Amino acid sequence: MNCIAPPSRLLLGPGPSMVHPRVLAAMSTPLVGHLDPYFLGLLDDVQDSLRALFGTGNAMTIPISGTGSAGMEACFANLIEDGDEVVIGRNGVFGTRMCEVASRLGAKVVAVDAEWGEVIEDGDVAKALASCGKPKLVAVVHAETSTGAWQPLAGISGVAHDAGALMLADTVTSLAGCPVDVDANGIDVAYSGTQKCLSCPPGLSPVTFNERAMEALDSRRSKVRSWYLDLSLIANYFGSDRVYHHTAPVSMIYALAEALRLIEEEGLTARFARHERNHRALMAGLSRLGLEPAAREGHRLWMLNSVKLPEGLDEAVIRRRLLFDHGIEIGPGLGPLAGKVWRIGLMGESSRETNVRRLLLALSAELDAGPSAALDAADQVYAQSH
Ligand SMILES: *Cc1c(COP(=O)(O)O)cnc(C)c1O
């Protein structure tokens with residue numbers, strides 16, 4: 001084993017994002033026991049802070065041990081029983097993954113498809129619900145990281161509730177980058193992840209369940225299929241009983257607590273405005289380089305910028321040069337978008353003016369454009385918005 005000496009990278013891919021030095025420092029502080037009164041107090045603070053971030057009063061708002069996908073699995077595992085009808089929006093990798101997770105848990109999945117880069121329409125969800133007998137759940141991805149599409153939530157949650165179903169939203173890439181407003185949007189269940197706009201290493205998945213969702217959990221006929229992710233057991237640790245279920249990942253909780261403190265210091269309004277400003281500046285610059293947005297107009301994420309590549313460009317070669325010559329990571333297209341798009345993340349700490357400039361400069365060099373055109377376009381956006 002050599003000593004660990006990772007290269008210096010600017011992380012502008014689809015996650016993980018850059019982590020603030022204060023978060024890294026928090027992770028290297030000494031451990032306490034997971035039942036230590038100090039740690040339990042810290043957990044209470046983390047829960048309060050997550051409620052403010054999600055925009056919810058839900059008592060059951062906790063960080064699940066595991067990455068965003070563990071949160072996805074936790075939400076479905078706690079709500080689904082054999083044969084439950086579940087309507088899922090499928091317009092990218094993560095909607096597709098939700099279908100896979102739900103069907104493995106025994107759900108009867110009714111997928112609502114849209115082109116990658118498009119959003120799921122309320123009317124299509126209503127049609128799918130009408131084809132069900134007794135739909136249990138509707139699930140969509142708020143911020144589709146594989147395409148850059150920003151999914152509106154309120155309309156779909158209305159349609160779901162009219163049909164007597166619960167509304168679930170994947171907010172892995174949206175939380176802490178744009179408003180999520182769980183309660184105002186009528187979302188019953190949501191999960192997120194620490195490694196995107198929270199700018200914390202991968203390893204925890206904040207989830208929130210409202211009372212309707214907790215009633216669905218309490219009235220299950222069968223046990224939750226996953227012991228590790230069973231919220232009725234985990235609740236006894238986060239609740240007043242403080243019963244051991246599994247050892248909380250202490251250092252990850254330190255990291256999340258510090259990341260949440262940084263978010264509170266900045267303020268959500270300023271943080272969202274920063275994400276929007278840097279997105280607009282980056283897109284203006286990329287457009288000068290001939291890279292146009294891939295997601296539908298009016299539905300483009302601030303934190304994940306998906307751009308179409310010119311025909312014949314050997315994109316993998318340029319990405320490799322970005323990584324090894326410039327120290328910058330960006331993301332490739334996935335599935336049907338492989339080789340057709342790049343995905344540039346401006347999430348949390350990664351969403352900084354200096355990072356936008358550094359990437360535009362590096363891409364200008366690699367795409368044989370002069371250094372000034374793209375930077376000038378970005379500067380115009382910054383000049384208007386300061
Ligand atoms: C990243 C991501 C996930 C999965 O999170 P992991 O941390 O990779 O497990 C789920 N949904 C969306 C929208 C994501 O961007």
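Remember, it's a predicted structure, so these values are computed and weren't measured experimentally. Remember, it's 1-based here, ligands and their atoms both numbered in the order they're listed. Start at 1 with the first residue, then count along the sequence.
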Which heavy atom of the protein is the closest neighbour of [atom], given with residue, atom name and distance?
| atom | value |
| --- | --- |
| atom 4 (C) of ligand 1 | Ser69 OG, 3.4 Å |
| atom 15 (O) of ligand 1 | Thr145 OG1, 2.3 Å |
| atom 11 (N) of ligand 1 | Asp170 OD2, 2.7 Å |
| atom 10 (C) of ligand 1 | Phe94 CD2, 3.3 Å |

Exercise. Any nitrogen or oxygen of Thr173, main chain or side chain, under 3.5 Å from a nitrogen or oxygen of ligand 1?
Worked result: yes
For this session: Return a yes/no value for Gly68: is any of its N or O atoms, backbone included, closer than 3.5 angstrom to an N or O of ligand 1?
Result: yes
Problem set entry | Heavy-atom proximity to atom 14 (C) of ligand 1, best of Met303, Lys196, Gln195 | Lys196
Problem set entry | Heavy atom of Ala143, distance to ligand 1 below 4.0 Å | yes
Exercise. Could you give all pairs that pass the ring-ring contact (aromatic ring centres under 6.0 Å, His included) test and reach residues 178-233, with sequence neighbours left out?
Worked result: Trp227-His245, Tyr228-His246
Problem set entry | Pairwise distance NE2(His279) to SG(Cys178) - rounded to 0.5 angstrom | 11.0 Å
Exercise. Hey, which of Phe238, Tyr244, Tyr254 is the one that makes ring pair (Phe, Tyr, Trp, His ring centres under 6.0 Å) with His34?
Worked result: Tyr244
Exercise. Can a donor-acceptor pair be found between the side chains of Thr208 and Thr61 at a distance below 3.5 Å?
Worked result: yes
For this session: State whether Glu118 and Arg296 are salt-bridged, where the test is any N-O pair (Lys NZ or Arg NE/NH1/NH2 against Asp/Glu carboxylate O) under 4.0 Å.
Result: yes
Exercise. So, are Arg261 and Glu258 salt-bridged, with charged N and O less than 4.0 Å apart?
Worked result: yes
Exercise. Is it the case that more than 12 heavy atoms not belonging to Glu264 sit under 6.0 Å from its CD atom?
Worked result: yes
Exercise. Of all the atoms in ligand 1, which lie at a distance below 4.0 Å from a heavy atom belonging to Val141?
Worked result: 13 (C)
